[in-house]
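Everything below concerns the one structure shown next.
Note on naming: letters A, B, ... go to the chains in the order of the sequence lines (proteins, then strands), and numbering restarts at 1 for each one. Because the structure is a prediction, the values reported are computed rather than measured.
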Number of protein chains: 2
Amino acid sequence: MAQLEMARKGIVTPEVKKVARSEGLDETLVMQKVAEGLVVIPANPCHPGLEPRGIGEGLSTKVNANIGTSSDISDPEVELKKLAAALKAGADAVMDLSTGGDIDAMRRSIIKNCPVPVGTVPVYQAAIKAIKQRGAIVKMSADDMFDAIEEQARDGVDFVTVHCGVTRQVLAALENNPRVAGIVSRGGSFLAGWIRHNKRENPLYENYDRLLEIARRYEVTLSLGDGLRPGCNADATDNAQIAELMVLGELVKAARQADVQVMVEGPGHLPLDHIQANIKLEKQICHRAPFYVLGPLVTDIAAGYDHITGAIGGAVAAAAGADFLCYVTPSEHLGLPDEEDVKNGVIASRIAAHAADMVKGVKGAAEKDMGMSKARKLLDWDKQKLYALDPDKIDAVRRRAVADSHACTMCGDYCAMQLSSQYVETKHEC
Amino acid sequence: MAQLEMARKGIVTPEVKKVARSEGLDETLVMQKVAEGLVVIPANPCHPGLEPRGIGEGLSTKVNANIGTSSDISDPEVELKKLAAALKAGADAVMDLSTGGDIDAMRRSIIKNCPVPVGTVPVYQAAIKAIKQRGAIVKMSADDMFDAIEEQARDGVDFVTVHCGVTRQVLAALENNPRVAGIVSRGGSFLAGWIRHNKRENPLYENYDRLLEIARRYEVTLSLGDGLRPGCNADATDNAQIAELMVLGELVKAARQADVQVMVEGPGHLPLDHIQANIKLEKQICHRAPFYVLGPLVTDIAAGYDHITGAIGGAVAAAAGADFLCYVTPSEHLGLPDEEDVKNGVIASRIAAHAADMVKGVKGAAEKDMGMSKARKLLDWDKQKLYALDPDKIDAVRRRAVADSHACTMCGDYCAMQLSSQYVETKHEC
């Protein structure tokens with residue numbers, strides 16, 4: 001029996017138990033949210049050593065790190081180092097987006113070494129196979145797509161991005177409302193190209209039942225991809241994007257009916273004042289399915305610093321109800337991220353997630369800030385490390401220039417914390 | 001005649017002219033906003049080579065970088081390098097917060113080498129003088145404070161932070177509503193300690209007219225400091241903070257009546273859902289005076305990455321109406337920033353400012369993103385550099401791993417931009 005089915009039958013699975021414990025919530029509450037589809041727990045039984053994470057309403061905001069080879073850079077050792085960096089920085093999930101080298105071996109190696117949920121985009125592999133065997137992505141067969149999904153599910157992947165919402169009707173909406181940046185989702189462009197070239201409907205949409213069967217059989221959570229997500233601020237919240245979202249809303253219902261856990265992916269590039277509307281729309285149109293956003297990036301001009309741009313959008317999105325943040329690294333739009341980029345991307349997204357969790361009322365979130373603030377007031381540097389997102393960084397910065405005083409080199413002898421304690425908070429002074 | 005007086009008389013000063021030109025706005029409009037006090041142009045006639053900046057309603061959001069020595073680290077050459085880094089990264093203003101070494105020489109050197117407005121916090125110098133001459137900060141005299149302000153104004157400082165709002169009544173509000181982090185403003189803690197120790201009212205408040213005379217004489221813009229700004233999220237928007245803001249509102253009116261340009265400083269540490277309320281409060285209580293915020297930092301636990309925390313808060317604040325963002329560097333809470341920190345702090349704040357300007361409707365803001373997006377769609381890397389916040393960074397990341405294709409190493413052969421152009425946007429294909 002699948003998670004969703006068991007939850008509906010009132011069975012608290014070991015995964016629900018673990019998620020409830022790590023969130024500090026009641027098991028029955030978590031089970032009920034899984035039953036309603038408001039929370040997903042991507043947990044493939046073929047992923048040994050998995051520490052499951054819950055994603056959705058009422059839980060802490062989760063962070064995903066994308067890693068994987070490309071056709072230009074393809075070294076499995078480097079990717080495993082990136083995996084380790086992502087985990088150390090606190091990623092709640094990792095997606096293997098490999099498109100270079102031995103993709104199968106890479107995926108299996110990542111699953112084996114990754115205790116958090118692993119996601120993939122199987123259509124990449126189908127596309128690469130089509131290029132090798134038939135010379136072009138658009139020559140993929142429907143079987144290529146479903147076979148790739150099934151193979152990856154069998155390997156133990158916990159969730160798969162599937163671009164089922166890129167339909168002929170959605171592409172017509174795109175054609176009628178041209179964009180500045182067109183399609184920027186890689187999987188989305190594969191499917192759109194395929195549909196246009198073959199003059200046929202998207203097999204992942206047309207044969208959605210076949211996809212649900214695979215997902216049900218291998219207990220893979222579906223992450224409905226946003227192939228039409230805006231690729232620049234000027235294209236945000238446009239007809240094509242919303243047309244696709246409407247399709248995804250229908251597919252959410254069908255997945256839940258088939259006992260398949262499902263979440264929805266979202267933008268992308270959004271001006272600050274579009275973010276809340278996008279979250280509300282997804283929650284309404286997609287029946288409160290967990291929302292997994294990429295960024296969102298609140299400006300297009302910050303290449304080289306898009307982890308910051310994404311943290312701004314991610315914090316606002318998560319505060320408005322987004323459940324799962326896909327990180328963006330400083331290398332986004334420029335090249336494949338390296339190990340340091342991965343770390344910085346995860347930390348930036350975790351800052352966004354935590355800032356949102358504080359105002360979402362997530363259990364234990366504000367308490368961390370309180371602990372940090374009390375330790376900071378006492379100038380207790382060791383205690384601050386207990387609460388800091390990255391304790392090593394505190395040492396690294398302070399080692400650079402150790403102050404004579406027990407304060408820090410910024411204020412040196414003139415530390416407000418010290419002065420305030422000495423003169424203002426000592427009541428007998430006044 | 002001072003800026004404010006001339007604006008009220010309908011005179012378009014050279015400074016108003018320059019600001020209008022750089023903002024792409026009508027000169028008369030800018031002059032009217034200066035006349036109403038909604039825009040300030042900090043421009044001390046004794047600051048040679050100044051390129052004035054306007055700060056306030058309807059203008060682009062400005063970014064300030066704090067530099068300066070501390071008692072632990074004090075090398076004038078290093079500070080001049082930081083100044084150059086801040087300017088290269090695009091800072092609109094620089095504050096010299098030096099408290100170590102030859103403070104006078106440092107300030108004069110910064111003013112001489114800085115084409116953007118320079119701000120200071122003169123009470124630092126008064127406090128240090130009091131320590132040297134009388135053994136304790138609390139032994140400052142009122143004259144020490146006013147003399148420091150006058151001396152720095154005479155040197156050509158364009159704006160000064162003055163903690164006039166730290167009054168006995170405000171400290172009573174603090175005492176009745178204890179805080180986790182107490183007072184974290186350095187100047188605020190000097191004044192609060194002074195008031196408590198001497199059992200007297202804040203001279204900068206009590207003799208505000210004397211301050212206005214100096215400001216008027218030297219054409220220095222007042223930046224009313226927030227000595228009671230919250231130093232952690234738990235203390236945000238509390239009684240002491242708002243009590244001080246109410247005092248500042250009165251002082252804004254008095255400054256305007258004396259033809260003195262004035263802006264108001266604000267938090268600090270604020271949870272995401274407090275930010276809009278704080279901006280609205282300031283704009284209402286302080287008669288729409290330009291609002292200059294520090295961060296705000298939306299969580300306390302991200303030491304080492306507070307430029308990101310500050311960019312999240314700064315973007316939300318500026319979108320809600322904040323006019324001037326003081327950067328926060330990665331070293332905040334840990335030590336004095338170095339050159340690299342200064343650069344990263346300015347860039348992070350500029351991302352926040354620009355993301356906000358796009359939704360504030362600031363002239364020319366969205367056009368940059370449009371230019372970038374069109375260049376990105378064409379995979380035109382050189383053209384992207386024309387619009388990028390940091391063109392050098394684009395080269396640096398791409399140099400690390402040059403792709404075979406003209407795309408980038410992230411997607412390599414499987415570039416959505418290329419595929420979309422090839423299959424989707426070529427109409428005859430369908």
Side-chain angles (χ1 to χ4, degrees), chain A residues 70-73 99 180-184 186 189 192-193 196 232-234 271-273 298-304 308 311-312 315 319 331 334-336 348 351 354-355 358-359 368-370 372-373 377 387-389 393-394 397 401 403 408-410 412-414 416 419-420 423-424 429-430, chain B residues 70-73 99 180-184 186 189 192-193 196 232-234 271-273 298-304 308 311-312 315 319 331 334-336 348 351 354-355 358-359 368-370 372-373 377 387-389 393-394 397 401 403 408-410 412-414 416 419-420 423-424 429-430:
Chain A
S70 77
S71 59
D72 288 317
I73 299 177
T99 55
V180 174
I183 298 178
V184 299
R186 212 174 348 166
S189 74
R196 283 301 174 93
C232 70
N233 276 260
L272 258 178
D273 61 352
V298 294
T299 167
D300 306 311
I301 66 169
I308 298 176
I312 296 171
S331 283
L334 299 174
L336 201 67
I351 293 172
H354 180 77
M358 287 177 70
V359 303
K368 288 181 192 165
D369 294 70
M370 182 61 89
M372 182 74 168
S373 301
K377 172 72 180 162
Y387 301 100
L389 268 183
K393 186 82 174 186
I394 291 188
V397 177
C408 79
T409 55
M410 180 172 240
D413 299 338
Y414 315 111
L419 283 162
S420 173
Y423 289 108
V424 183
E429 269 290 336
C430 197
Chain B
S70 77
S71 59
D72 289 317
I73 300 177
T99 56
V180 174
I183 298 178
V184 299
R186 212 175 349 169
S189 74
R196 283 300 176 94
C232 69
N233 276 259
L272 259 178
D273 61 353
V298 293
T299 166
D300 306 311
I301 66 170
I308 297 175
I312 296 171
S331 283
L334 300 173
L336 201 68
I351 292 172
H354 181 77
M358 286 177 71
V359 303
K368 288 180 192 164
D369 294 70
M370 182 62 90
M372 183 73 168
S373 302
K377 173 72 180 163
Y387 301 99
L389 268 183
K393 185 84 173 183
I394 291 187
V397 177
C408 77
T409 56
M410 180 172 241
D413 299 337
Y414 316 111
L419 282 162
S420 173
Y423 289 108
V424 184
E429 269 290 333
C430 195

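Most heavy-atom pairs under 4.5 Å with chain A: of the set B:M370, B:R186, B:K377, this distinction falls to B:R186. Considering only heavy-atom pairs separated by less than 4.5 Å from chain A, the leading option among B:A319, B:A311, B:P271 is B:A311. When A:V359, A:L389, A:I308 are compared by the number of non-hydrogen pairs under 4.5 Å with chain B, A:V359 comes out ahead. Most heavy-atom pairs under 4.5 Å with chain B: of the set A:V180, A:V298, A:I301, this distinction falls to A:I301.
For A:K393, there are no salt bridge (Lys or Arg N to Asp or Glu O under 4.0 Å) partners at least two apart in sequence or on another chain. Listed by chain and residue number, A:D300 satisfy the side chain to side chain donor-acceptor pair (under 3.5 Å) test with A:N233 (two or more places apart in sequence, or in another chain).
Heavy-atom minimum distance, B:S331 versus A:V397: OG-CG1, 3.7 Å. Scanning all heavy atoms of the two residues, the minimum distance from A:G335 to B:T409 falls at CA-OG1, 3.1 Å. Between B:M372 and A:A303, the shortest heavy-atom contact is CE-CB, 3.9 Å.
Residues B:M358 and A:T299 have side chains in contact (heavy-atom distance under 4.5 Å, counting atoms from C-beta outward).
No donor-acceptor pair closer than 3.5 Å links the side chain of A:R196 to the backbone N or O of B:Y423. Side chain of A:S71 to backbone of B:D413: a donor-acceptor contact under 3.5 angstrom is found. Between the side chain of A:S420 and the backbone N or O of B:S189, no donor-acceptor pair lies under 3.5 Å. Distance alone, capped at 3.5 Å, places no donor-acceptor pair between the B:S373 side chain and the A:A181 backbone.
A:D72 contributes atom CG, which lies 10.0 Å from atom OH of B:Y414 (distance to the nearest 0.5 angstrom).
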